[in-house]
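In this chain, numbering begins with 1 at the start of the sequence shown.
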Amino acid sequence: MTFTAENVDWGEAKHKLSKLREKVFVYEWRIPKECEFDQHDNTSFHVLVRDETNLEIATGRITPNGEIGRIAVVPSYRGPEVYQTLFQALIEIAKQHSLETVSVQCELEGVKYYQQQGFRPVGTVYMDAGIPRQRMSVMITEFSLPKVELTH
């Protein structure tokens, strides 16, 4: 399956992005809606991922200071190819804005995955909306996507 990522403006794509994020974070993960949407949405750079039928299946954002977040992928599409498409687009935005490093705030289960991409833990584990998280950072020049084995 082929996935495409498009850089979108929050003002123009808010409805589409919000719908995806609500589906994943508010309804699936039970994160309070007021915690999911914040002041950074207006100033961040957003990506919308579609499948080959043009169905909107994922989104993510990167803030002007390089924090990648609000990664929401529809459950039936969660797999390495979608995440790679999303991260490639977000890293490209970081490069276009001359950012030297990017960071993520991941759940503890995601630490190993991010380490495979070159991210390193920063600080201690903390709680966010009842979920233990770790802040991680990587220099753009050290970022690499893990190899994906395609299965058919």
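- Here the OG1-CG distance, from Thr4 to Asp51, works out to 8.0 Å after rounding to the nearest 0.5 Å.
- Among Leu48, Ile57, Val49, the one residue that satisfies the side chain to side chain contact (heavy atoms under 4.5 Å, CB included) test with Leu20 is Leu48.
- Residue Val138 is not grouped with residue Val122 when hydrophobic side chains (ILVMFWY) are merged at heavy-atom distances under 4.5 angstrom, including chains of intermediate members.
- The backbone N or O of Ser144 lies less than 3.5 Å from no partner atom in the side chain of Gln117, so there is not a single donor-acceptor pair.
- Not a single donor-acceptor pair under 3.5 Å links the side chain of Asp128 to the backbone N or O of Ile131.
- In this structure the side chain of Lys95 never reaches within 4.5 angstrom of the side chain of Phe143, judged on heavy atoms.
- Other residues, nucleotides and ligands contribute at most 12 non-hydrogen atoms within 6.0 Å of the CD atom of Glu100.
- Side-chain contact between Cys106 and Arg133 is absent, with no heavy-atom pair separated by less than 4.5 Å.
- No path of Ile, Leu, Val, Met, Phe, Trp and Tyr side chains, each step under 4.5 Å between heavy atoms, connects Ile31 with Val74, placing them in separate hydrophobic clusters.
- Take Lys33 and apply the side-chain hydrogen bond (donor to acceptor under 3.5 Å, both in side chains) test, not counting sequence neighbours, and it matches Glu22.
- Within the 4.5 Å cutoff, the side chain of Phe119 has heavy atoms near those of the Val102 side chain.
- The closest donor-acceptor contact from the side chain of His46 to the backbone of Asp41 lies under 3.5 Å.
- Using a 4.5 Å heavy-atom cutoff, the side chains of Arg21 and Phe37 are in contact.
- To the nearest 0.5 angstrom, Asn42 atom CG is 9.0 Å from Asp9 atom CG.
- Hydrophobic clustering of Ile, Leu, Val, Met, Phe, Trp and Tyr side chains at less than 4.5 Å, counting indirect connections, keeps Val26 apart from Leu17.
- A pairwise comparison of heavy atoms in Val111 and Gln134 identifies CG2-CB, 3.9 Å as the closest pair.
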Please report, to 0.1 Å, the donor-acceptor pairs under 3.5 Å made by any side chain of residues 66-73, with sequence neighbours excluded.
| residue | atom | partner | partner atom | Å |
| --- | --- | --- | --- | --- |
| Glu67 | OE1 | Gln105 | NE2 | 3.2 |
| Glu67 | OE1 | Arg135 | NH1 | 3.4 |
| Glu67 | OE2 | Gln105 | NE2 | 2.6 |
| Arg70 | NE | Glu36 | O | 2.8 |
| Arg70 | NH2 | Cys35 | O | 3.3 |
| Arg70 | NH2 | Glu36 | O | 3.1 |
| Arg70 | NH2 | Asp38 | OD2 | 2.9 |

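- Nearest approach of Arg120 to Gln115, heavy atoms of both residues: NH1-O, 3.6 Å.
- By the criterion of side-chain heavy atoms lying less than 4.5 angstrom apart, applied directly or through intervening Ile, Leu, Val, Met, Phe, Trp or Tyr residues, Ile62 is not grouped with Val24; the two fall into different hydrophobic clusters.
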